[in-house]
Amino acid sequence: MKLYNTMTRTKEEFIPLHPGELRMYSCGPTVYNYIHIGNARPSIVFDVFRRYMEYKGYRVTLVQNFTDIDDKMIRRAGEEDTTVRELGEHYIAEYFKDADRLGIRRADYYPRATEHIDDIIAFIRVLVDKGLAYQAGEDVYYDTAAFPSYGKLSGQSLEDLEAGARVDINERKKNSMDFALWKGKKPGEPFWESPWGPGRPGWHIECSVMAIKYLGETIDVHAGGQDLIFPHHENEIAQSEGATGKPFARYWLHNGIINIDHQKMSKSAGNFFTVREICEEFDPEVVRLFMLSSHYRNPINFSRELLEQTQSALERLYNADGNLGYLIRNAPEGPVSAEDQKFQNQLPEYTTDFENAMEDDINTAGAIGVIFDLIREINTYAGPDRPKAVLCAAREELIRLTDILGLMTKKKGKLDGEVEDLIRQRQKAREDKNWALADRIRDDLKEQGIVLEDTPQGVRWKRQESSSVNS
RNA sequence: GGCGGCAUAGCCAAGCGGUAAGGCAGAGGACUGCAAAUCCUUUAUCUCCAGUUCGAAUCUGGGUGCCGCCUCCA
């Protein structure tokens, strides 16, 4: 498995710290609002990475945090006339609704900053004791000048960073790049007691503390959006490596950002679409396929038009599976000819090609291309006289690959008796060559989202919304 | 100013030195009562310039354009 490591800016062969294990930390959202599709991208992409690694036999431990205390949380709680705690509870619950909808499997741990205050304080104390942090007034800052390799992830020197700093100089800091580990309490804000007085943790410290607590001092993979490289991940490195003296993460993975009209989508800019509003218009799997259709490190431009294109592509996927399912139900058990055998024998090649794409820095776009190649092969081969065993093998191949991407996972719908009756009536009309009636029934059903397809073997139908097929 | 990324057909998008995957849309054909689905055929010399090489979309240098980070942000 090759992964592009932001730290070295090259693709590297993935070698886990502990053989057969993958310990990964993924930076999660600040829970002051519904997640938008920009938040959804890392969740989906790294979910696929995790699924693939598990498919490869790795024991994966995934941790994703929730930032539930910071300036935005406090401000938003004030606006919504609620407490920071309630705000967090609410949006964490909503996060899970959206993530579940998108088919994102649950992480092993979802630690929250506010539930690790003691750990955070202990960690800051270590940094202070080591001379890497200092108290200034009510605050505690990280002393970036005391950490020689500061800037190694973002490829910037301390001087470069300072030169470009757009921040107001904070008088208390020794150095403008120093960042808060602990912020002294301000009137009306939530706070916790600490050796430095009442206050709350800074943003970056929670990730260092919780990653180390749940995964160890050196983790395999640390993932997040490219916009977190600086300062967030840079600071995490300074904190973690400063405290432990050990490498923090072996591989840094960063997904590209999502643009709207070629401008970055972000909550602060206000040009965002929430996951739930998009899911009202599109099947969540469309969003998923869309995210996986380009390489995770490339920026992608988001638009409804592109989702519509993706929707059509997803339908092709479901059609292939649906058609196959239909054939399988009616297929002869019969003998397997040389031609059938030849078809079946080449199926594993698609798995190989798929894996090769995935092994190359999670090239999901290439992997999806392989799936569509397979689909053409299957569609060309498939027919009513093909032996059941071979058709089943083809379907297994297809499902194996789409499962890894978390696609085509929807349950088949059930026919209710009324619809079944209508289909029977239409069949009778067709036998009588009463095309007008037959078409009317078909049109009526279409109104209800039931699409009929006449095939030499009989009527096949599917629900339009889910594109899943029944017979 | 510093750091980084991107530029492939109408739209989206793989490609990592050997002569352009795949999807969407379009055109033509097959099948069909009509549809739908499916299959077949068809649509690019890869932003520009120069260089390295027997050979470059792929490597090097330069130009142009766009974007991200350097402030909260996935």
Side-chain angles (χ1 to χ4, degrees), chain A residues 6 9 11 26-30 32 35-46 67 70-72 75 151 154-157 159-168 177 203 223-232 234 254-259 262-269 272 289-290 293-295 297-301 303 305-317 319-320 322-323 326 353 357 360-361 363-373 375-376 378-383 430 433 435-436 438-439 442-443 446 451-456 460-462 469:
Chain A
T6 304
R9 309 205 187 256
K11 278 186 206 171
S26 182
C27 284
T30 301
Y32 70 108
I35 57 166
H36 63 227
I37 54 175
N39 297 300
R41 168 124 96 148
S43 298
I44 291 170
V45 162
F46 297 124
T67 298
D70 83 332
D71 293 342
K72 296 189 296 297
R75 180 168 47 77
S154 53
Q156 300 264 78
S157 69
E159 300 79 69
D160 293 339
L161 288 163
E162 277 161 18
R166 285 179 272 161
V167 213
D168 292 332
M177 296 320 295
W203 172 38
Q226 272 168 4
D227 51 359
L228 293 185
I229 293 172
F230 190 91
H232 186 54
E234 198 70 73
H254 291 101
N255 62 276
I257 49 145
I258 291 184
N259 294 320
H262 303 285
Q263 293 295 133
K264 183 182 172 183
M265 174 189 306
S266 74
K267 285 181 185 171
S268 50
F272 64 91
L289 179 57
F290 174 73
S293 290
S294 55
H295 187 87
R297 281 191 286 114
N298 290 153
I300 51 182
N301 211 37
S303 71
E305 189 195 347
L306 292 178
L307 284 185
E308 278 159 17
Q309 285 188 13
T310 307
Q311 187 164 46
S312 299
L314 184 66
E315 270 165 28
R316 183 169 164 78
L317 231 49
N319 282 335
N323 294 172
Y326 172 74
D353 291 347
D360 184 13
D361 194 28
N363 185 353
T364 52
I368 288 168
V370 174
I371 289 177
F372 280 108
D373 286 338
I375 282 176
R376 165 157 294 129
I378 288 174
N379 285 337
T380 303
Y381 168 82
R430 292 183 70 214
K433 295 198 188 297
W435 308 124
D439 288 351
R442 181 169 62 189
D443 291 345
K446 187 163 188 189
V451 180
L452 301 189
E453 296 173 0
D454 297 325
T455 77
R460 188 164 68 199
W461 70 277
K462 63 185 177 185
V469 174

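To find a chain, count down the sequence lines: A is the first, B the second, and so on, and within it residues start at 1. When reading the values below, keep in mind they use all heavy atoms of this one structure, side chains included, and skip hydrogens, waters and symmetry mates.
By the 4.0 Å N-to-carboxylate-O rule, A:Arg442 lies close enough to A:Asp439 to be salt-bridged with it. Under 4.0 Å is where a charged nitrogen must lie from a carboxylate oxygen, and between A:Asp227 and A:Lys264 at least one such pair does.
Counting to the nearest Å, the C1' atom of B:A36 and the CD atom of A:Glu453 are 5 Å from each other. At whole-Å resolution of the value, CZ in A:Arg430 and C1' in B:A35 are 10 Å apart. Regarding A:Glu162, its CD atom lies at a distance of 17 Å from the C1' atom of B:C69, rounded to whole Å. Rounded to a whole Å, the CG atom of A:Asn323 is 7 Å from the C1' atom of B:U38. As rounded to whole Å, 13 Å separates atom P of B:C69 from atom CG of A:Asn255. Across the protein-nucleic acid pair, A:Glu315 atom CD and B:C24 atom P stand 10 Å apart, rounded to whole Å. With rounding to whole Å, A:Lys72 atom NZ is found 11 Å from B:A74 atom C1'. The distance between atom CD1 of A:Ile229 and atom P of B:U71, rounded to the nearest whole Å, is 14 Å.
Contact annotation: side chain of A:Arg376 to base of B:C40, donor-acceptor pair absent below 3.5 Å. The base of B:A35 sits within donor-acceptor range of the side chain of A:Arg442, with an N or O pair under 3.5 Å. The base of B:C34 lies close enough to the side chain of A:Asp454 for a donor and an acceptor atom to sit less than 3.5 Å apart.
A donor atom on one side chain and an acceptor atom on the other are found under 3.5 Å apart for A:Asp160 and A:Ser157.
For the pair A:Asp360 (side chain) and A:Asn363 (backbone), a donor-acceptor distance under 3.5 Å is absent. Side chain of A:Ser266 to backbone of A:Ala269: a donor-acceptor contact under 3.5 angstrom is found. Between the side chain of A:Arg41 and the backbone N or O of A:Gly256, at least one donor-acceptor pair lies under 3.5 Å. A donor-acceptor contact shorter than 3.5 Å is absent between the side chain of A:Glu234 and the backbone of A:Ile229. Looking only at distances, no side-chain donor or acceptor of A:Asp353 sits under 3.5 Å from a matching main-chain atom of A:Val370.
Remark: the separation of the P atoms in B:A56 and B:U71 is 44 Å, to the nearest Å. Comparing B:G15 with B:A20, their C1' atoms sit 8 Å apart, to the nearest whole Å. On the C1' atoms, B:C46 is 13 Å away from B:A14, given to the nearest whole Å. B:G22 and B:G28 have their P atoms separated by 22 Å, with the value rounded to a whole Å. Comparing the P positions of B:C12 and B:U47 gives a spacing of 14 Å, expressed to the nearest Å. Taking atom C1' in both B:G26 and B:U58, one finds a spacing of 30 Å when rounded to whole Å. Taking atom P in both B:C16 and B:C11, the straight-line distance is 24 Å, to the nearest Å. If you take atom C1' in B:U19 and the same atom in B:U53, they sit 14 Å apart, rounded to whole Å.
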**Request:** Treat primed atoms plus P, OP1 and OP2 as sugar-phosphate and everything else as base, then score nucleotides 4-15 of chain B 5' to 3': B for base contact with protein heavy atoms under 4.0 Å, S for sugar-phosphate contact only, - for none.
**Result:** S-S----BSSSS

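If you check every strand for non-hydrogen atoms under 4.0 Å, A:Gln263 touches sugar and phosphate atoms only. At a threshold of 4.0 angstrom between heavy atoms, the contacts of A:Leu452 include nucleobase atoms, whether or not backbone atoms are also involved. Looking at heavy-atom distances under 4.0 Å, A:Gly369 makes contact with a base. The residue A:Gly38 sits close to a base: some heavy atom pair falls under 4.0 Å. Using a 4.0 Å heavy-atom criterion, one finds that A:Ser268 contacts the bases of the nucleic acid, with or without backbone contacts as well. In this structure, A:Ile258 reaches the bases: a heavy-atom distance under 4.0 Å links it to at least one base atom across the strands shown. Residue-level contact check: A:Gly151 touches neither bases nor backbone, having no heavy atom under 4.0 Å from any strand. At the heavy-atom level, A:Asp373 lies under 4.0 Å from the strands shown only through sugar-phosphate atoms.
For B:C16, there is no paired base (Watson-Crick or G-U wobble, both distances below 3.5 Å). Base pairing of B:A50 is made with B:U60, judged by Watson-Crick or G-U wobble geometry with both donor-acceptor distances under 3.5 Å. Under the Watson-Crick and G-U wobble criteria, each requiring two contacts below 3.5 Å, nucleotide B:U38 is paired to B:A30. The partner of B:C72, taking Watson-Crick or G-U wobble pairs whose two distances both stay under 3.5 Å, does not exist in any strand shown. Nucleotide B:C66 forms a Watson-Crick or G-U wobble pair with B:G5, both donor-acceptor distances falling under 3.5 Å.
OP1 or OP2 of B:C39 has at least one side-chain nitrogen or oxygen of A:Asn379 nearer than 4.0 Å. Of the side-chain N and O atoms in A:Arg316, one or more sit less than 4.0 angstrom from OP1 or OP2 of B:U38. The shortest distance between the side-chain N/O atoms of A:Lys264 and the OP1/OP2 oxygens of B:A74 is not below 4.0 Å.
Projected onto RNA chain B by closest heavy-atom contact, A:Ala367 and A:Ser312 fall at different nucleotides, the more 5' of which corresponds to A:Ala367.
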Interface polar pairs with nucleotides 27-31 of chain B, N/O, under 3.5 angstrom:
none

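Side-chain proximity of A:Pro231 to B:C72, B:A36, B:G33: nearest is B:C72. Comparing atom distances between the A:Lys267 side chain and each of B:C34, B:A74, B:G23 picks out B:A74 as nearest.
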**Request:** Might you work through the side-chain contact (heavy atoms from CB on, under 4.5 Å) test for A:Thr455 and A:Tyr326, ending with a clear yes or no?
**Result:** CA-CA 10 Å; A:Thr455 77; A:Tyr326 172 74; 3.3 Å; yes

**Prompt:** Do A:His254 and A:Arg297 pass the side-chain contact (heavy atoms from CB on, under 4.5 Å) test, and can you show the C-alpha distance, the side-chain angles, and the key distance before you say yes or no?
**Reply:** CA-CA 7 Å; A:His254 291 101; A:Arg297 281 191 286 114; over 6 Å; no

**Request:** Could you check A:Ile300 against A:Phe290 for side-chain contact (heavy atoms from CB on, under 4.5 Å), going step by step and ending with a plain yes or no?
**Result:** CA-CA 10 Å; A:Ile300 51 182; A:Phe290 174 73; 3.9 Å; yes

**Request:** Go through A:Phe272 and A:Ile258 one step at a time and tell me if the side-chain contact (heavy atoms from CB on, under 4.5 Å) criterion holds.
**Result:** CA-CA 10 Å; A:Phe272 64 91; A:Ile258 291 184; over 6 Å; no

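Listed by chain and residue number, A:Ile35, A:His36, A:Lys267 satisfy the side chain to side chain contact (heavy atoms under 4.5 Å, CB included) test with A:Asn39 (two or more places apart in sequence, or in another chain).
Stacking between A:Trp435 and B:G33 is present: the aromatic ring centre lies within less than 5.5 angstrom of the base six-membered ring centre, and the two planes differ by under 30 degrees.
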